[in-house]
Structures are given as C-alpha cells and as structure tokens.
Asks: 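Before anything else, here's the structure in question.
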Protein chains: 2
Amino acid sequence: MGNFPFQRLQSELAVLITHAKAGERLPSEPDLAKRLGVSRATLREAMRTFETQGLIRRRQGAGTFVVGQVPVIESGLEVLESLDTMAGRMNLDISVSELTVSQVFADKDHAEALGVPLATKLTTVQRVMRADSRPVAHLVDTLPDDVLSAQQFPDVFGGSVLDFLLGRGDPLTVSRADISAIGAPADVAKLLEIQRGDVLLKFTSRLYTTSGRVVDFSHSYFLPGYFHFHIVRRVGNI
Amino acid sequence: MGNFPFQRLQSELAVLITHAKAGERLPSEPDLAKRLGVSRATLREAMRTFETQGLIRRRQGAGTFVVGQVPVIESGLEVLESLDTMAGRMNLDISVSELTVSQVFADKDHAEALGVPLATKLTTVQRVMRADSRPVAHLVDTLPDDVLSAQQFPDVFGGSVLDFLLGRGDPLTVSRADISAIGAPADVAKLLEIQRGDVLLKFTSRLYTTSGRVVDFSHSYFLPGYFHFHIVRRVGNI
DNA sequence: TATAATCAAGTTGTCAGACAAATTTTTGTT
DNA sequence: AACAAAAATTTGTCTGACAACTTGATTATA
C-alpha cells in the first residue's frame, strides 16, 4: 500500500532532518539523491513536503537548511489519530467506560453537519476515556446509519471510532476540527466527575472520506491538563 | 520576495482546487502544466504541497482527485497570521487597547521557553484586542531585549508583534502553539471584563527563527465565540 | 447472450540530463 | 590588506523519456 520509493525516501529524510541541529545545512540535492538512490526530481518532491511543514528552508544558490527545533515531528494536531494512539505515545494507560451506542434521528445541527436530510437514521457512540481510572475525556461520535449501525457495532471496541473505520478500510482523508473552550454542561460534568461550568477544551470535528462525504460528526470534551494538544504553525510568507 | 513561478503556480492551483467539487478529477498533469505554463516537474512539486495538506489525492494510472469540501483553504491554524489579518478576513473591526510595554527579567518559565539565562532582560508587550469595542482577546508577548527593546518600541503599533517582526524582515519560520482551556485568572478577567473563572481558550506559543532560536514566547487568551479556530487534520496513513 | 481475456489509451511515478539564476568560494590584481 | 573578477557550488526549472498502473473498449470464448 503506497509508493515505495517515495515513502521510504520521506522517512529517511525525516530521520536526517530530525537528527540535524537547528540551522544546519543538508547535503546538496545531487549528493542526497545519489546517496538515497533516487533522482533529484523525486528527492525534490519529498523535500517540498518538509518545506510545506516548515521543517526545512531552501535558498537558491546557498543550500537547504534545517529549521530549528520543532522537537517532535508531527506529533501534534496536524495528523489525525485516535486518543488510544496518542495515549500510547505518552505512556498513558487509557481505558473506556460508560460506552453507549444508540440509534437517533438527525436534528437540524446533525443533518447539516453530516449533509443528510432531517430525521435521517443515525448512530451515536458515547464514551468516557479514563487515564488511571480518572475521567479525562468525553467523546460523542455521530455517524449515518449506513456507515455504522447500532446493530453491527463491533463486539470489541477499543474506544476509537476512527481506528474502527480505518481498520475496516474506509477511505478517510481529513478531519476538520473546530477548537473552542466551554464550561461543562450538566450531563458532561456528571460523566467527567467535575462541577457544572468547569473549564473544558472542546473539539467539534467532521471526518471526510475521499469523495467528500462527512461520515463522522463528533464532539469531544477534554479535561485540561491531561492532554497536551499542540500545533506547528507556518509563517505565511515562506 | 520568493519564487515567482512556483508561488504563482501555487495560488492558481489553490483557486482551481477550492473551486472544484468534492471528488472531482483535475485535468491531467501534462494538460495542467501546459495550461499553467510550467513544466510537469514544477507542477508536481506544487501538487505535492496540496497533497501534504490533504487537499488532493493522487492515484497512479487514474488521476488526481480533489478531496472534498475543505471550504476555506488555509484559513485555519496551519498558517500563522496576526489577529489583524484574521479579523480582516472575517470583516471584523478590531482595535487595540490597554497597550503596555515593559521591561522585565526572565523568571524560570520564560528563561526556559526563550532559551536564555535566568534574569535576562526581556520585553513584554501586553494588550487587549477589541471587536466593536468589546474585549475579545488578551495577548501577552515576551521577547528578548535584543529582539525588541522597550525603548525602540515602534510609535505606531498595529497590535501585532508578528506583523512588526515580519515587516522588519526577521527570518521567522514557524510557531509552535500549545492549546488549552482555562478559567480566567483575576487579572485577565478584569482586562476582558468578564468574571474570574469564566472560560477562556488559551494558546501558549513559541515563535522560531530560521536558526531555531525562540524570539517570542506568548500567552493568548480568547473569549470563546468571537474567533473560530479550526484545523485540518490529515489521516495518518495516506 | 453472457462472461472472461486481451488490448489500447490515458495517467501518475520516476528517471536522466541540461541549463538558468543565485550564492559562495577562490583567485587575481592593485 | 582590500577589492574585483572569475570559478565553483547549489537550488530552480525545463525537456523528453519510460515504467507502472487504471480504465474502458474490444475481442475471444463458453
């Protein structure tokens, strides 16, 4: 699955770049291409992806330089991954509780978000994620019934709708997340064992397929302090 | 400033992609290259940037397809821009008040964040951003004195430290922002004319130069509802 | 007729080599 | 030592080619 030369190239370059000091110059393109066994054109395409991510900077006539100290490559919000995966990297022991799968019918908000008619049959998956038995997040996913029906819900559920859809081979591409902060509503507060009005970080996300269809509309509530969400922002004019 | 053919190409492609329906196929690479007046190699480099951003998907032998409905290209957090610029796009009339520039000495947090010794001379720039005369954000930037000193502080200040540094030609590259939610501390609450403990969205950012130096460590507090921060997250395995 | 195999055209992936443009280093001259 | 010119280096772009893959039409076969 995937383009062998390009992907290998990309990870080899990633190693090279992350192991370089800030401001260090990379070998010239002809050198690198020969050393990595690809043509300069292919190398340049891979380089362009790192430039897009703001990790390197190229100057005609001078060379290619590593932009400093973005310590962990792509461990931020740029890449969509499940809390499971995230927690794994943070050495957190995470578990799922209060799992509820139910069938509902689309209200105005959900119909609009999912691009379906009002009162369309939907499936909601609610659960509380716990770290060391303390609630740290409440996740509510809503999917069209033909994407995931309450009946066909998997017997073993790791807690991640994303992982389930990916494992099934769904052609997912991107998720668009709106980031906000809110005071905990009563129901969420109860689930997270906090006071109503306590501060929560909230993501409202739409998950898209290749064809542009929204297959998952979700509200995620996070207790501040347990997760560190960060993002690398590129300065506009480079 | 920049690479003429490539940048022009990129914005022309952006128009093409954002105006295409979800799942639509783009013209073939030879066609596009001829139409846009560049070689296929250059075109492919530009395409790769959009692929990196998850906006298009390419399938060997089949074609290049637009991934659906990421309505506004790059208006999210991926690109660092000032609130001014942001507000401009949202047709918000924004103004600055309570502007305070002061000289301080680095405490432990700031020394660590900026990578300078303890008690180094620093400059802090605080201000409140208002939309329609209502406070909507409180920004606190801290910079080493040699980057920006209180003395040389510009007479006319638009409210954006970023815009100032960029206008001066500083080689900025990326900013790393940590995203969290907090209850308003007393001092921030007073400035934003809200109650202590009211919910705020907070960004803690480090702004890097080409050489990897941190030139700005900032805390930004946003009143929920006035700004819509969003981010496009790419599914990991594509 | 229905189904399977084959073929042809089109498209992306990669390559080699070349030259232009910008920068850096070296060399020559005063 | 200081400055100017030339050479070498490096990224930016172009051209043309072929390989690998997908898709749809065509042909052969049961």
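Predicted, not measured: the structure shown is a model, and the values here were computed from it.
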Asks: Mind grabbing the angle between the end helix axes of the helix from dT1(C)-dA30(D) to dT30(C)-dA1(D)? Five pairs an end, 10° rounding.
Replies: 20°
Asks: Listed by chain and number, what are the side-chain hydrogen bond (donor to acceptor under 3.5 Å, both in side chains) partners of Ser218(B), not counting sequence neighbours?
Replies: none
Asks: Atom CD of Glu29(A) to atom P of dT13(D): distance rounded to whole Å?
Replies: 11 Å
Asks: Enumerate all atom pairs, one protein N or O and one N or O from nucleotides 20-23 of chain C, separated by less than 3.5 Å.
Replies:
residue: dA21(C); atom: N3; partner: Gln60(A); partner atom: NE2; Å: 3.1

Asks: Take the protein atom CZ of Arg8(A) and the nucleotide atom P of dG13(C), then report the distance between them rounded to whole Å.
Replies: 17 Å
Asks: What residues form a side-chain hydrogen bond (donor to acceptor under 3.5 Å, both in side chains) with Ser220(B), not counting sequence neighbours?
Replies: none
Asks: For residues 38-47 of chain A, which residues have at least one heavy atom under 4.0 Å from DNA chain D?
Replies: Arg40(A), Arg44(A)
Asks: For Ala119(A), check side chain to side chain contact (heavy atoms under 4.5 Å, CB included) against everything at least two apart and list the hits.
Replies: none
Asks: For the pair Phe229(B) and Phe203(B), name the ring-plane relationship: parallel under 30°, tilted 30 to 60°, perpendicular over 60°.
Replies: tilted
Asks: To the nearest angstrom, how far is Lys34(A) atom NZ from dT10(D) atom P?
Replies: 12 Å
Asks: Measure from NZ or CZ of Arg48(B) to the centre of the six-membered ring of Phe6(A), then state whether that distance is under 6.0 Å and the direction lies within 45° of the axis.
Replies: yes
Asks: Give the rounded distance in Å between these two atoms: CZ of Arg57(A) and P of dG12(D).
Replies: 11 Å
Asks: Just jot down the side chain to side chain contact (heavy atoms under 4.5 Å, CB included) partners of Ala177(A), sequence neighbours excluded, or say none.
Replies: Ser205(A), Ile231(B), Arg233(B)
Asks: Ignoring backbone atoms, establish whether Thr64(A) has a side-chain N or O less than 4.0 Å from OP1 or OP2 of dT11(D).
Replies: yes
Asks: What residues, two or more places apart in sequence or in another chain, satisfy side chain to side chain contact (heavy atoms under 4.5 Å, CB included) together with Thr124(A)?
Replies: Ser102(A), Val104(A), Gln126(A), Thr142(A)
Asks: If a pair satisfies ring-ring contact (aromatic ring centres under 6.0 Å, His included) and one of its residues is in residues 139-160 of chain B, list it, with sequence neighbours excluded.
Replies: Phe153(B)-Phe157(B)
Asks: Rounded off to whole Å, could you give me the CZ-to-P distance for the Arg58(B) and dC21(D) pair?
Replies: 16 Å
Asks: Can you list everything that forms a side-chain hydrogen bond (donor to acceptor under 3.5 Å, both in side chains) with Glu12(B)? Sequence neighbours excluded, please.
Replies: Arg8(B)
Asks: Does Ser160(B) have any side chain to side chain contact (heavy atoms under 4.5 Å, CB included) partners at least two apart in sequence or in another chain, and if so, which?
Replies: Ser82(B), Leu162(B), Asp163(B)
Asks: With sequence neighbours excluded, what pairs up with Asp141(B) under the side-chain hydrogen bond (donor to acceptor under 3.5 Å, both in side chains) test?
Replies: Arg127(B)
Asks: Expressed in angstrom and rounded to an integer, what is the separation of Phe65(B) atom CZ from dC21(D) atom C1'?
Replies: 12 Å
